[in-house]
Amino acid sequence: MTFELHTPARVGVIGCGRVAWLLENDERRSKPCSHVGGWLKQPGIQLQAACDIDTQRLSDFGEHYGVESRYTDYRAMLAGEQLDYVSIAAYATERADMVCAAAEAGVKGIWCEKAAAVSLAEIERMQAALERHNTRLIVSYMRRWELRYHKVNELIRAGAIGELQTINVHFSGNMLHTGTHAFDLLRLYAGEAVAVQAWLETGEEQNVQSGYRYDARTDFCDFGGDALIHFDSGVTAMIHGRDKDYFRFEFELLGSAGMIRIGNVQTELWTPADATYMSVMQELKRVDFPKFEYGNNWSAAAADLVSAVRQGTSVACGIDDARAALAIGLAMHQSQEQQHAVIDVADVRRDLIVPSR
């Protein structure tokens, strides 16, 4: 199904913070590197309205982009502006309500930050609203639109490292806010998660997490720690995610005949060769990584959503992907709650709430 859109199509932004637009001020980042940056690369798009409860941030955004329609209540913005697209860059604890309200207001395409919600019940409510109103949604697992990560998938499928066996994952941050980025990629490489076991850091010092969120409905917050994930392909992933004094996001994909390392600062292929210090043995040595095209994932994500709305196509990373990644993170917290029990991902409690940024 395609839709009638305004000319130019109208975009509203809910949450005028870092990922919405402030990342564009980072001179070291490739541009665009934010929701607004991605939107402004699309032809036939205009910024129509913005909403934030922080009036100074709202004013800064409006002045920078010349947006006159400014709101501190997103429902008022949705009611007053007849928007075609909406970016939701508010906290996870509010995203489900915002997505449902946008769909009900007639918005045709939604770009939602991650984790998309705080429980499976919320995700299911979002899924129902999107289906009821024929609304398309992408979720901001941005590496889904980054060609390096798809080149890795091509190499795996082509047997470049033999049979994929295990994946080691390291990241700075906690299991939902940062970890779901990794869980989404793991699904690309290893298939669907079937079971999870976790050992999370849940001490008092972790409860006072600057920048993280709380919800009156639960005692949980978004913890970090270690976990194992078993996939339907037979692959096992080992997860190590904690707050650190530095940033790291890295995958080590180990196969029967090689290894790939990929992260924010590396793209490496390692294959067997004669060992340096041993006879009649082989070890892994780094070789040239195959060439691939570079692109901008923020622009690609916006273009994907625009195309899905205008042509009635599917998106690269949508609400079903958001649910699958969230279920893995929730399973880790449920495992911790049950003294590190192995949790079947299909059995994660719908009412389990873990708030994150």
Side-chain angles (χ1 to χ4, degrees), residues 10-21 35-36 48-55 57-58 61 69-141 176-177 180 211-222 305 309 315 317-327 329-330 333 348-357:
R10 301 173 179 177
V11 174
V13 177
I14 303 176
C16 300
R18 181 174 176 269
V19 75
W21 73 290
H35 284 241
V36 171
Q48 175 72 19
C51 176
D52 201 301
I53 59 174
D54 184 327
T55 55
R57 184 165 283 183
L58 180 62
F61 179 95
S69 297
R70 306 173 195 173
Y71 297 82
T72 57
D73 182 335
Y74 71 89
R75 294 186 185 275
M77 183 184 79
L78 293 170
E81 296 295 335
Q82 296 184 321
L83 300 169
D84 299 296
Y85 300 99
V86 164
S87 273
I88 297 176
Y91 285 114
T93 45
E94 285 82 45
R95 286 175 196 148
D97 287 342
M98 292 172 175
V99 166
C100 292
E104 291 162 5
V107 172
K108 303 303 186 290
I110 300 171
W111 185 348
C112 182
E113 269 305 311
K114 49 73 207 163
V118 300
S119 72
L120 294 185
E122 284 195 347
I123 283 280
E124 290 165 7
R125 179 158 60 90
M126 295 160 68
Q127 288 174 311
L130 294 168
E131 183 176 350
R132 186 165 60 250
H133 298 284
N134 294 311
T135 305
R136 299 289 195 274
L137 178 143
I138 61 170
V139 62
S140 269
Y141 294 124
L176 266 63
H177 179 64
T180 51
Y212 285 83
R213 302 289 283 178
Y214 297 92
D215 189 304
R217 299 170 292 175
T218 181
D219 292 329
F220 271 119
C221 61
D222 184 14
L305 181 55
V309 168
V315 297
C317 190
I319 190 66
D320 292 339
D321 301 295
R323 188 192 192 283
L326 179 64
L330 292 173
H333 288 78
V348 174
R349 300 201 323 267
R350 293 179 64 259
D351 63 344
L352 177 62
I353 295 171
V354 179
S356 68
R357 283 192 291 178

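- The shortest distance between side-chain heavy atoms of V99 and I319 does not fall below 4.5 Å.
- Atom CG of L326 is separated from atom NZ of K114 by 12.0 Å, given to the nearest 0.5 angstrom.
- Partners of R132 by side-chain contact (heavy atoms from CB on, under 4.5 Å), not counting sequence neighbours, listed by chain and number: E104, A128, A129.
- One distance of note links CG of D320 with CZ of R323; it measures 8.5 Å at 0.5 Å rounding.
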* **Stepwise side chain to side chain contact (heavy atoms under 4.5 Å, CB included) check, V86 with L78** => CA-CA 9 Å; V86 164; L78 293 170; 4.0 Å; yes
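- Not counting sequence neighbours, Y74 has no partner by the ring pair (Phe, Tyr, Trp, His ring centres under 6.0 Å) test.
- A salt bridge is absent between R70 and D52; no separation between the charged side-chain nitrogens and carboxylate oxygens falls under 4.0 Å.
- Judged by distance alone, with hydrogens and angles left aside, the side-chain atoms of D84 form a donor-acceptor pair with the main-chain N or O of R10 at under 3.5 Å.
- For the pair D97 and R75, the minimum side-chain heavy-atom distance is below 4.5 Å.
- Here E124 pairs with R350 in a salt bridge; the nearest charged N to carboxylate O distance falls below 4.0 Å.
- Here the side chains of C112 and M98 are not in contact, with every heavy-atom distance at 4.5 Å or above.
- Looking at every heavy atom in both residues, V139 comes nearest to G318 through CG1-O, 3.7 Å.
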